[in-house]
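Taking it in order: structure first as structure tokens, then the write-up.
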Amino acid sequence: MPVYSEKVMEHFMNPRNVGEIENPDGVGEEGNPVCGDMMTFYIKVKDDRLEDVKFKTFGCGAAIAVSSIVSEMAKGKTLEEAMKITPRSVADELEGLPKNKFHCSNLGAQALHKAIEDYLSKKKAGGKEL
Amino acid sequence: MNKVYLDNTATTPILPEVREAMLPYLEEAFGNPSCLHEWGDTAREGMETARAQVAELIGTNPEEIIFTGSGTESNNFAIKGLAMAQQKKGKHVVVSAIEHFSVLHSAKTLEKWGFELSTVPVDKYGVVDPEDVRKAIRKDTVLVSVMHANNEVGTIQPIKEIARVTKEKGVVFHTDAVATAGVIPVDVKELGVDALSLAGNQFYGPKGVGALWVRKGVRIMPLLDGGVQEGGRRAGTENVPAIVGLGKAAELAKSKMTARIKYLTGLRDRLISELPAKIEHVVVTGHPQNRLPGHASFCVEFIEGEAMLMLLNSQGVAVTSGSACTSRALQASHVLIAMGLPHEIAQGSLLFGFGIDNKTEDIDYVLEVLPPIVDRLRQMSPLYSKFTKASKGG
């Protein structure tokens, strides 16, 4: 098995917030199956805070653990705070990721940011009363 | 918890008889086989017995066997050594697209050394067409290398037919028989090849030992310079205990081959027929019949191999995968891609390698634990939810 930290293993074996949100306020997708990992994040926003975060992930153990911890880190945060989550802070929160997994599997922060941007652009377009 | 080892393509365990044969050479028979005294004689005798046993396994003479440190070394030696020895004749080599990296990367090194490389494609089962080899051979071709069977998908290649082409064209033909030697009948005369690689840990021998057979009269440039061990073709004090173990494993493989093939084919065919019946959207990779006896390989759609491996490991099952995430290089299996499988399907690669210690209960256990694992990962997969939504929609 790859050398994963206990925290990665724990999140891989028991991932939090797996699933989709019905009528999400924002959706963000990152990665593709060619490189091996693909993540979709769904968010629900209330008063500028992430009220709910869910994800679906195709990928290796690291990718699943990354998605799980990002969802946990983001939940309850303001949008501004959530935009500050970075691949580095995700890896730190997971007590490290193997070097070769850092870039390809660590797409959770980007997918979350895309979901927030999706929400903001919808809001700007005025498509939805928030 | 059950412990089920189904990764015999990575390595087989060492048989007790093999370990027993090796032990004296780790103890009192420690001598250097190059030395001209009693200790040297004892080590040399052990080594020469092993050489005869390996030669017997592949139907050749002991003098034509060169011991190496692994299948990888044998392949490096063959590709680089056979090409370099003939570079005055030409600088073009031909390999198949699905070779092991020890062949492919050696061929790429030859490119850096000024050789040209042609790669022959495979069909959807991973089979090389001998006519494609014929088309690839040029006036300046000095070496063709096609593996006897592929380790990832189990497909056995038409080596005899390819050898007819290379013989007609007068080109040296090497086959990587690491997956087949000691597993299915391998007779160098019948195959018609000029050089052949094998490794001990594929048939219940030790790791860290292999052999290269080179037909008498075929020139090869040594990779390792030094003393005159192995007829001056591979310098360095031989790994006598491992070589003795390889010899013993070869002897046992020869005498038990028919029974082993029958047994392993039974296990393989059962998993190949029952796994796709238990799990939807599973593709069998490689040739359905013309494949290694203990080898069953699949792609499970919509999910990724490493995650499956980890969850199977948590249930005590050891298998392997050719997914990008499981490879250190993070690239999907070049074998599956060469066979035309899309990347997202290749990512779900799962490979079961049965060995003589496996029982039918091991298959029952896999069929019990794998479906919930697949289900769990599919529930998490955006590809699967896209697929189910699309099929509901239309």
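Atom set for the values below is all heavy atoms of this structure, side chains included, hydrogens, waters and symmetry mates excluded. Being a predicted model, the structure only gives us computed values, none of them experimental. The chains referred to below are lettered A, B, ... by the order of the sequence lines, with proteins before strands, and numbering in each begins at 1.
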Answer yes or no: is there a side-chain heavy-atom contact under 4.5 Å between [X] and [Y]?
| X | Y | result |
| --- | --- | --- |
| A/Pro15 | B/Met380 | yes |
| B/Tyr384 | A/Lys56 | no |
| B/Met308 | A/Cys60 | no |
| A/Pro33 | B/Leu383 | yes |

Nearest 0.5 Å, please: how far is [atom2] in [Y] from [atom1] in [X]?
| X | Y | atom1 | atom2 | value |
| --- | --- | --- | --- | --- |
| A/Met13 | B/Leu311 | CE | CG | 5.5 Å |
| A/Glu20 | B/Lys389 | CD | NZ | 3.5 Å |
| A/Met38 | B/Gln347 | CE | CD | 12.0 Å |
| B/Ser314 | A/Met9 | OG | CE | 7.5 Å |

So with a 6.0 Å cut-off around [atom1] of [X], is the heavy-atom count from everything else above 12?
| X | atom1 | answer |
| --- | --- | --- |
| A/Asn14 | CG | yes |
| B/Tyr365 | OH | yes |
| B/Glu280 | CD | no |
| A/Lys7 | NZ | yes |

Check A/Phe58 against B/Glu304 and note the closest heavy-atom contact, atom names and distance.
->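 Shortest heavy-atom separation between A/Phe58 and B/Glu304 comes out as CE1-N, 3.9 Å.
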
If you look at every heavy atom in B/Pro382 and A/Thr57, which pair is closest and at what distance?
->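 Nearest pair, atom of B/Pro382 first, then A/Thr57: CD-C, 3.2 Å.
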
Under 4.5 Å from a heavy atom of chain A, the part of B/Phe302 involved |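 When you check distances to chain A, only backbone atoms of B/Phe302 fall under 4.5 Å.
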
